[in-house]
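Note that ligands are numbered from 1 as they come in the structure, with each ligand's atoms numbered from 1 the same way. Since the model is a prediction, treat every value here as computed from it, not as a measurement.
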Amino acid sequence: MAEKVEALRRGEVPIHEPGLAELVQRNAERLHFTLEMREVLEPARLLFCCVDTPPTVSGDADLSHVHSVVDDLGDSTEHALVMKSTVPVGTGRAVSRRRAAIGYAANPEFLKEGNAVDDFMRPDRVVIGVDESANSVLGDRVEALYRPLEAEFVRTDVASAEMIKLASNAFLATKISFINEIANVSEEVGADVAEVARGMGLDDRIGPQFLRPGIGYGGSCFPKDVSALKQLAGNSGYHFQLLTSVIEVNEMQKRRTIGKLQRHLGSLVGREIALLGLAFKPDTDDVREATSLVLAGRLQGEGARVRAYDPVAGPAARDALGEARVCDSALEALDGADAAVLVTEWPEFAELDWEGEVRRRMATPLVVDGRNFLDAGRLRAAGFSYEGVGR
Ligand code: UDX
């Protein structure tokens, strides 16, 4: 953490997030980075808590960082805590019990990695939860901060605001697992899931977004928040049946690729498999809960040799990849490979010279496209065996 703060002081942003470095540099004079709570408490009255809440072994959210912020606050009557971190429903009430003097507002974020700056500037909605009796003025102050963004405001109570965040992520994850299952059935019955998703998405009640099938969702939010909501329900005595299936479908989806490779190659022992992409999605170097890591582990478990390439996430993934080789280019990973598995839809993978250079270099012309990203017709015409998802 100290290193990150130092980097920020030097004007370097230690996170790959489009637009963020420019934003920090443009506002450098108004930004002050510190590890000292006292330096924050003096000038500020509204304190946005943005610490992480990673999953514990049981699937609950680990609130230790939130607790340490709350502990550092003391019992000031002048400050209010605005919770941006994703926390279980009930956290606001628990914090208010511990620090009765401090105002509390829930203000969950809905930012997508790789698009966070834009999502912040153009939010679909801004949710502000306060427990009215104590804090309605606080709600107005938080709303005033966002007013220049011309957003739709949802003013509600703290518990409902906390639930809006978890339910939104759980619903989007449900949509993905749903379309993944439709894709799997489509493979069996000869339908094309891209056509199915297009036809479904035109129904306003369904909408076109988050209907892209693939090899499962990853990242720091969906896996964690879906299991946190399931756990939260379980802790209160309710078995959230649907979310149990959403998680299970996602886990199975990551593993289906192995079956596709085996159908073409037989045993994977000694086979050279190239993974194209390591980040959990493009435009980020984040490999948390990335499908690539599960795949690399499973492939090595089957006896395959794995080489992997990602335009930015190589260093972040290296430690989690075991024996797999992290390559400096896609061509290096594909050289002599028995199969290419496209894991992350980075644009540069579509621009490779598949017909020429790639075809010449690969030992077996087999492509498993985990994101339906490449041009299937073009690859088949160039002599590749091509396997997409649900088509
Ligand atoms: C998500 C939510 O979108 C955001 O609102 C919340 O604040 C944090 O979690 P993020 O994790 O950055 O954002 O990524 P997102 O773009 O939502 O994708 C998550 C995962 O779902 C990725 O692995 C992506 O590949 C996958 N996905 C997404 C699909 O498989 N299909 C889709 O149609 C959409």
Side-chain angles (χ1 to χ4, degrees), residues 15-20 50 52-55 61 83-87 106-120 122-127 151 161-162 164-184 193-194 196-198 200-201 206-229 246-247 249-254 256-257 276-295 310 313 317 342-346 349 369-373 388-390:
I15 304 165
H16 180 89
E17 182 64 47
L20 187 60
C50 311
D52 61 345
T53 52
M83 188 56 70
K84 275 239 151 274
S85 301
T86 302
V87 292
N107 175 218
E109 56 87 10
F110 301 96
L111 311 180
K112 295 184 291 297
E113 287 189 36
N115 205 53
V117 173
D118 204 50
D119 284 347
F120 184 87
R122 270 188 284 265
D124 289 338
R125 76 298 209 190
V126 173
V127 176
E162 291 167 339
I164 287 170
K165 167 69 189 190
L166 293 177
S168 298
N169 273 357
F171 185 76
L172 292 172
T174 304
K175 246 182 138 176
I176 298 171
S177 277
F178 180 84
I179 201 66
N180 280 338
E181 290 222 279
I182 294 291
N184 299 343
V193 72
V196 178
R198 187 163 67 92
M200 285 172 63
I206 298 173
Q209 298 201 54
F210 281 73
L211 286 182
R212 287 193 324 274
I215 43 177
Y217 60 77
S220 66
C221 290
F222 284 172
K224 164 178 87 84
D225 293 349
V226 175
S227 81
L229 179 52
V246 168
I247 296 166
V249 168
N250 197 51
E251 288 311 311
M252 284 175 353
Q253 198 68 10
K254 296 179 189 172
R256 277 177 72 84
T257 306
L276 299 182
L278 291 165
F280 82 94
K281 65 173 192 177
D283 287 326
T284 175
D285 60 355
D286 197 340
V287 295
R288 282 177 288 177
E289 300 284 337
T291 300
S292 60
L293 305 182
V294 176
L295 260 181
D310 188 285
L342 187 132
V343 185
T344 316
E345 62 275 38
W346 286 101
F349 297 143
D369 183 352
R371 298 284 173 194
N372 287 351
F373 180 60
V389 180

Margin query: Under a 3.5 Å distance rule, please check whether K165 uses its side chain to pair with a backbone N or O of E109 as donor and acceptor.
Written below: yes
Taking only distance into account, with no hydrogens and no angle test, what donor-acceptor pairs under 3.5 Å do side-chain atoms of residues 206-217 form with protein atoms, sequence neighbours excluded?
none

Checklist line | Which residues share a side-chain hydrogen bond (donor to acceptor under 3.5 Å, both in side chains) with K84, sequence neighbours left out | finding: N107, Y146
Note to self: Using a 4.0 Å cut-off on heavy atoms, what residues surround ligand 1? Order them by chain and number.
What the structure shows: E109, F110, L111, K112, E113, K165, N169, I176, F210, L211, R212, Y217, G218, C221, F222, F280, K281, R371
Checklist line | Nearest atoms (heavy-atom pairs only) where L342 meets F349 | finding: CD1-CB, 3.7 Å
Checklist line | Residues that N180 engages under side-chain hydrogen bond (donor to acceptor under 3.5 Å, both in side chains), provided they are two or more places apart | finding: none
Check: CZ of R198: more than 12 outside heavy atoms within 6.0 angstrom?
Finding: no
